[in-house]
Colleague: 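I have a structure I would like to understand better, so I am pasting it below and will then ask my questions one at a time.
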Amino acid sequence: GRDVRRLATWNYLLSDTLCAPIGMLAALICENGNAVTSGLFLAFLLLTVVSMHKLVESRRQVQDRVAMLDAASGARLAVHGARRMDQLAERLVDHIGAVMPFRIAFVAALDTGRGEFDVLLELIEGRRTPRMRRSMGEGLTGQVVRSGEPLLIERWGQAPEALRAAAVLAPGERPGSILIVPIRQGGMVLGVVSVQHDQPGRYGDADRHVLQAIADDIAPAFADARTFQELDDYRLRLETLVTERTAALECVANEREALLAQLKCKSELLERQSREDALTGLANRRHFDERIVAEIAQASRHGTALSLALIDIDHFKRINDAGGHAQGDAVLA
């Protein structure tokens, strides 16, 4: 399982070269030495092999740790600048896909007020599912939230029955490996990140450390994005409320303008009716009294002549007597 490209080093070539004289020495001792010498030499060889194995394992762990730190550092750069939760989730899943393979991956934020998970992003074989909410107590993610610790199931078929019974799976779904880690900050769980693969044994402790390091590293950005989204959503709600109230006020103002226009029309109608004869539309006695005073005053002020013409209908009573008052009204009009 080692990377062949890493074997071509001076230390490896030197240790490989030393195997030849050690093997020759072992053959000479076994051939010419007594049983005690051979036993001691074999014990020395066994200790040497064990020590070399421990050294290789330690070096591998250091390399895994370096890879974990590199992955975490890359995650911070990957989500840099993401201000909304859905945008951060997309960048996070893209980065995880570059670090480890998966068939299913999802990122969910914890909504403690509602006791739910807000599934920001879920990818199934590269296809994005609609955004949804799940109960916080459901499935394996609920156990991760309650414990605050990552959950690794290397082989689903060998997992404890309690874990398999608690999992929420699609009909006919049979995962191979599952890895779920919490997104934590200040001792609080903000959300979870999960990856799943069809092959058993696909994820191990190194993958768990890497994914947890990624989750821990992006936790501050996750918290900032959630705060920004809450403020942005609050701002949008305020803008919507202001828009609705403004529309309502405009509607009231329009109704007020319409009422004022109606009042003005009615006022003008009343003013006209108070000064005009309803039958002929001519000015009535009240209007005549107002105008005659004004005309006399103007003529006196400017020293001009003033004339007054009177028009009468001769023998109008005959019309009323002959045709009736309705016919008389028509004649007057």
Side-chain angles (χ1 to χ4, degrees), residues 81-90 109-121 128-133 223-333:
R83 307 187 69 178
R84 294 189 62 86
M85 300 288 287
D86 49 358
Q87 184 183 15
L88 183 143
E90 290 178 0
L110 185 61
D111 188 347
T112 54
R114 297 184 179 181
E116 294 178 336
F117 280 118
D118 182 7
V119 181
L120 304 172
L121 177 64
R128 184 170 183 168
T129 62
R131 188 166 176 174
M132 68 185 76
R133 284 182 171 268
D224 292 342
R226 185 170 70 173
T227 302
F228 176 82
Q229 181 165 321
E230 290 175 353
L231 293 175
D232 194 41
D233 292 342
Y234 181 70
R235 179 183 61 82
L236 292 176
R237 288 195 298 269
L238 284 181
E239 290 180 354
T240 303
L241 182 60
V242 168
T243 301
E244 292 175 352
R245 294 292 177 85
T246 302
L249 290 175
E250 290 179 354
C251 183
V252 171
N254 293 334
E255 292 178 355
R256 177 175 172 272
E257 292 294 333
L259 289 175
L260 288 176
Q262 293 178 6
L263 289 175
K264 183 179 179 181
C265 292
K266 291 182 178 180
S267 177
E268 292 176 352
L269 178 61
L270 291 174
E271 180 69 18
R272 189 167 63 252
Q273 290 176 349
S274 66
R275 294 174 178 271
E276 291 181 358
D277 177 65
L279 179 62
T280 63
L282 299 176
N284 57 16
R285 172 66 182 269
R286 176 184 175 186
H287 188 58
F288 172 78
D289 290 343
E290 294 176 356
R291 287 299 305 273
I292 192 65
V293 173
E295 292 295 336
I296 292 174
Q298 183 177 359
S300 300
R301 185 167 59 254
H302 296 287
T304 57
L306 176 62
S307 299
L308 180 63
L310 300 177
I311 301 175
D312 188 22
I313 300 178
D314 294 337
H315 311 296
F316 182 71
K317 185 176 181 301
R318 295 178 182 176
I319 298 174
N320 285 332
D321 292 341
H325 288 284
Q327 187 66 32
D329 288 346
V331 171
L332 289 177

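Remember, predicted model here, so these are calculated numbers, not experimental data.
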Colleague: What donor-acceptor contacts under 3.5 angstrom involve side-chain atoms of residues 301-327, with partners at least two apart or in another chain?
Modeller:
| from | atom 1 | to | atom 2 | distance (Å) |
| --- | --- | --- | --- | --- |
| Lys317 | NZ | Asp321 | OD2 | 2.8 |

Colleague: Kindly state each residue pair satisfying salt bridge (charged side-chain N to carboxylate O under 4.0 Å, His left out) with at least one member in residues 277-288, sequence neighbours excluded.
Modeller: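 Every salt bridge (charged side-chain N to carboxylate O under 4.0 Å, His left out) pair that includes a residue of residues 277-288, provided the two are not neighbours, is Arg285-Asp289, Arg286-Glu290.
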Colleague: Got Arg235 and Leu238 here, is their nearest side-chain heavy-atom distance under 4.5 Å?
Modeller: no
Colleague: Restricting to non-hydrogen atoms, name the atom on Ala89 and the atom on Leu120 that form the minimum distance, rounded to 0.1 Å.
Modeller: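 It is CB-CB, 3.9 Å.
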Colleague: Which pair of heavy atoms, one from Asp118 and one from Met132, lies closest together, and at what distance?
Modeller: OD1-O, 3.8 Å
Colleague: Looking at every non-hydrogen atom in both residues, tell me the closest pair between Leu332 and Thr280 and how far apart they are.
Modeller: O-CG2, 3.7 Å
Colleague: Please report the interatomic distance CD(Glu257) to NZ(Lys264), rounded to the nearest 0.5 Å.
Modeller: 11.0 Å
Colleague: Nearest 0.5 Å, what's the CG-CG distance between Leu236 and Leu241?
Modeller: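 Going from CG on Leu236 over to CG on Leu241, the span is 12.5 Å.
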Colleague: Report, as yes or no, whether the 6.0 Å neighbourhood of atom CZ on Arg291 holds more than 12 heavy atoms from other residues, nucleotides or ligands.
Modeller: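 Counting neighbours around CZ of Arg291, 12 or fewer heavy atoms of other residues, nucleotides or ligands fall under 6.0 Å, so no.
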Colleague: What closest approach, in Å, do Arg131 and Asp86 show between heavy atoms, and which atom pair accounts for it?
Modeller: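 For Arg131 versus Asp86, the nearest heavy atoms are NH1-CB, 4.1 Å.
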Colleague: To the nearest 0.5 Å, tell me how far Gln273 CD sits from Asn284 CG.
Modeller: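 Interatomic distance, Gln273 CD to Asn284 CG, rounded to 0.5 Å: 11.0 Å.
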Colleague: Please name the pair of heavy atoms, one in Asp111 and one in Arg133, separated by the smallest distance, quoted to 0.1 Å.
Modeller: OD2-NH1, 3.3 Å
Colleague: Take atom CZ in Arg245; do more than 12 heavy atoms of anything else shown fall under 6.0 Å from it?
Modeller: no
Colleague: Atom OG in Ser267, atom CD in Gln262: separation rounded to 0.5 Å?
Modeller: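 With rounding to 0.5 Å, OG (Ser267) is 13.5 Å from CD (Gln262).
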Colleague: State plainly whether the residues Arg272 and Glu268 are in salt-bridge range, i.e. N to O under 4.0 Å.
Modeller: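 Between Glu268 and Arg272 there is no salt bridge, as every charged N stays at least 4.0 Å from the carboxylate O atoms.
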